[in-house]
2 protein chains.
Amino acid sequence: MDRRQQKTKQAIFGAFSRLLERKSFGNITVQEIIDEANVGRSTFYAHFETKDELLREMCTDIFEHVFSDDLRQESNHDFSHSDYDFEKEITHILYHLQSSKKHLKGLFACESGELFMNYLKGYLTEMFSGYIEKEPHQAPTEYLLHMMVCSFTETVRYWIAEDKKYTPEELTTYFMEYIR
Amino acid sequence: MDRRQQKTKQAIFGAFSRLLERKSFGNITVQEIIDEANVGRSTFYAHFETKDELLREMCTDIFEHVFSDDLRQESNHDFSHSDYDFEKEITHILYHLQSSKKHLKGLFACESGELFMNYLKGYLTEMFSGYIEKEPHQAPTEYLLHMMVCSFTETVRYWIAEDKKYTPEELTTYFMEYIR
DNA sequence: TAGATATCGAACAAAGCGTTTTGTAACATA
DNA sequence: TATGTTACAAAACGCTTTGTTCGATATCTA
């Protein structure tokens with residue numbers, strides 16, 4: 001890929017990410033993005049059809065980067081016999097997320113987070129479904145799965161948004177204690 | 001208040017709510033709202049300065065309606081000795097929410113939900129803080145509070161979004177089981 | 001009924017969007 | 001190093017949406 005294209009794309013991603021930290025997605029204009037990124041108008045549209053497309057692409061980029069090696073394992077998650085494996089996987093994911101913290105902050109902070117969140121939730125739903133049903137419960141499995149997935153994304157949100165200084169291991173402990 | 005104003009405001013609230021069920025807040029135009037509500041352009045702007053203002057006003061309306069009697073109690077929530085009271089309060093809130101289901105669906109369904117969610121979370125944070133610290137725990141209290149609040153809003157979202165046919169009592173049971 | 005006021009409808013400027021064009025600079029390659 | 005290719009900046013464009021204004025009309029209140 002052309003060096004110029006890389007630079008432009010990175011400039012736009014960076015600018016967009018920075019803007020997302022202080023404004024909601026809906027209130028950010030293309031003009032602001034290209035001003036912040038210092039690229040021409042036509043250049044922006046050469047790379048992205050729309051603002052939504054930019055968001056989508058940034059999300060997939062990050063998601064694929066964060067979960068690339070996990071996805072390669074063909075995600076055969078079966079935690080039915082081992083709490084330890086489950087915890088290890090959680091910590092593993094948190095490490096990945098930590099390394100992408102810079103861009104994630106904007107994505108988790110505001111309304112636009114929905115999109116990346118949905119990627120994450122899709123992945124987690126599959127992963128967590130192996131962990132459920134270990135103990136008998138009244139609530140529908142579907143409900144518990146939904147709640148566990150949301151609890152995890154909210155844990156991450158709590159962690160990222162306020163720059164909480166916990167290690168992935170600490171956070172895993174807290175999370176496991178919460179969902180018991 | 002003038003009967004015409006009431007009718008107009010209700011027409012706009014209704015139209016907006018219906019649109020929110022099928023489109024995200026950012027993609028709804030004022031034109032669509034006034035077409036759906038069947039009111040003139042100038043009329044809309046006579047009532048609301050902007051689209052965001054409409055959202056804000058609808059949220060406060062619903063929130064105040066749902067929690068009006070609870071708020072009057074000066075919210076002296078102290079559940080330190082009684083799980084029963086806590087459960088009763090939860091069920092109570094769910095009943096209120098159920099009665100406003102129509103408008104809430106749009107607010108919970110999409111990106112715009114953030115605003116109403118934040119009202120709700122503010123209220124719940126105060127309420128839940130009395131329930132925490134009953135058992136010793138490793139995780140920071142702040143974290144647990146955040147998680148409990150989010151768990152509740154997610155429970156409601158799960159309930160509303162998919163028109164799950166649980167009674168407030170059933171849902172309370174599930175929620176209490178989850179947060180234990 | 002009379003006076004007040006909410007609404008309608010149309011027209012308007014301003015801002016944002018997405019496209020197109022032209023000239024220039026950075027690139028890959030031979 | 002020379003050459004063709006590609007990405008970029010800048011400006012102009014038509015279009016959509018926004019938010020305002022104004023006079024005419026319908027509907028309220030008292």
Side-chain angles (χ1 to χ4, degrees), chain A residues 1-61 103 106-107 110-115, chain B residues 1-61 103 106-107 110-115:
Chain A
M1 192 192 200
D2 199 311
R3 220 170 292 145
R4 289 169 295 181
Q5 289 190 52
Q6 294 176 39
K7 274 174 62 181
T8 300
K9 213 151 215 175
Q10 278 317 111
I12 292 177
F13 277 171
F16 187 50
S17 186
R18 262 169 279 137
L19 287 169
L20 277 175
E21 286 182 46
R22 40 175 201 269
K23 316 185 58 169
S24 71
F25 177 74
N27 291 326
I28 296 173
T29 66
V30 173
Q31 194 59 51
E32 286 174 307
I33 298 173
I34 64 181
D35 284 348
E36 176 80 23
N38 197 32
V39 298
R41 188 168 194 73
S42 51
T43 306
F44 176 90
Y45 286 107
H47 284 268
F48 308 98
E49 282 193 7
T50 64
K51 213 177 59 178
D52 295 79
E53 184 60 24
L54 163 60
L55 176 61
R56 206 191 55 72
E57 199 165 312
M58 201 168 87
C59 284
T60 54
D61 263 35
H103 284 303
L107 291 181
C110 68
E111 131 220 1
S112 63
E114 295 302 313
L115 191 58
Chain B
M1 191 191 199
D2 199 312
R3 217 170 293 145
R4 289 169 294 181
Q5 290 190 49
Q6 294 176 42
K7 273 174 62 181
T8 300
K9 212 150 216 176
Q10 277 317 112
I12 292 177
F13 276 172
F16 187 50
S17 186
R18 260 169 279 137
L19 287 169
L20 277 175
E21 285 182 46
R22 39 176 202 269
K23 315 186 59 170
S24 71
F25 177 74
N27 291 327
I28 296 174
T29 66
V30 174
Q31 193 59 52
E32 287 174 306
I33 298 173
I34 64 180
D35 286 348
E36 177 80 25
N38 197 33
V39 297
R41 186 165 195 75
S42 50
T43 305
F44 176 89
Y45 285 106
H47 283 269
F48 309 99
E49 280 193 9
T50 64
K51 216 177 58 180
D52 295 79
E53 184 60 22
L54 163 60
L55 176 60
R56 206 192 55 73
E57 199 165 313
M58 201 168 87
C59 284
T60 53
D61 264 36
H103 283 303
L107 291 182
C110 67
E111 130 220 3
S112 64
E114 296 302 312
L115 191 57

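Just so we're on the same page: letters track the sequence lines, and every chain starts at 1. All values below come from the heavy atoms of this structure, side chains included, with hydrogens, waters and symmetry mates left out.
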Please list, for nucleotides 3-6 of chain C, all pairs of protein and nucleotide N/O atoms separated by less than 3.5 Å.
residue : atom : partner : partner atom : Å
C/dT5   : O2   : B/Arg4  : NH1          : 3.1
C/dT5   : O2   : B/Arg4  : NH2          : 3.4
C/dA6   : OP1  : B/Gln5  : NE2          : 3.0
C/dA6   : O5'  : B/Gln5  : NE2          : 3.3
C/dA6   : O4'  : B/Arg4  : NH1          : 3.3
C/dA6   : O4'  : B/Arg4  : NH2          : 3.3

Mind listing the N/O atom pairs, protein and nucleotides 14-20 of chain C, below 3.5 Å?
residue : atom : partner : partner atom : Å
C/dC17  : OP1  : A/Val30 : N            : 3.3
C/dC17  : OP2  : A/Val30 : N            : 3.2
C/dG18  : OP2  : A/Tyr45 : OH           : 3.0
C/dG18  : N7   : A/Arg41 : NE           : 3.1
C/dG18  : N7   : A/Arg41 : NH2          : 3.2

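In terms of modelled atom types and a separation under 3.5 Å, the side chain of B/Ser17 and the main chain of B/Phe13 share no donor-acceptor contact. Without hydrogens or angle criteria, A/Thr8 side chain to A/Arg4 main chain gives a donor-acceptor distance under 3.5 Å. A donor-acceptor pair is defined here as one N or O able to donate and one able to accept, closer than 3.5 Å; no such pair exists between the side chain of B/Gln5 and the backbone of B/Asp2.
Look at CE on B/Met1: it is 14 Å from P on D/dC28, rounded to the nearest Å. Atom CG of B/Asn27 is separated from atom P of D/dT18 by 11 Å (rounded to the nearest Å). Rounded to whole Å, the distance from CD on A/Gln6 to P on D/dA7 is 12 Å. Between B/Asp35 atom CG and D/dT18 atom P there is a gap of 11 Å when expressed in whole angstrom units. Between the CZ atom of A/Phe48 and the C1' atom of D/dA7 there is a distance of 14 Å, rounded to whole Å. In this structure, the CD1 atom of B/Ile33 is 12 Å from the C1' atom of D/dT17, given to the nearest Å. Between the P atom of D/dC8 and the CD atom of A/Gln10 lies a distance of 13 Å, rounded to the nearest Å. Nucleotide D/dA30 holds its C1' atom 13 Å from the CZ atom of B/Arg3, rounded to whole Å.
A salt bridge is defined here as a Lys NZ or Arg NE, NH1 or NH2 lying under 4.0 Å from an Asp or Glu carboxylate O, and A/Lys23 with A/Glu36 fails to meet this definition.
Rounded to the nearest 0.5 Å, atoms CG (B/Leu107) and CG (B/Leu55) are 6.5 Å apart. For the atom pair A/Ile12 CD1 and A/Lys7 NZ, the distance stands at 13.0 Å (nearest 0.5 Å).
The two residues A/Met58 and A/Leu20 come nearest to each other via the heavy atoms CE-CD1, 4.3 Å. Closest heavy-atom contact between B/Ile28 and B/Ile33: CG2-CG1, 3.7 Å.
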Mind listing the side-chain donor-acceptor pairs of residues 37-49 of chain A below 3.5 Å, one per line with the distance, residues two or more places apart or on another chain?
residue : atom : partner : partner atom : Å
A/Arg41 : NH1  : A/Gln31 : OE1          : 3.3

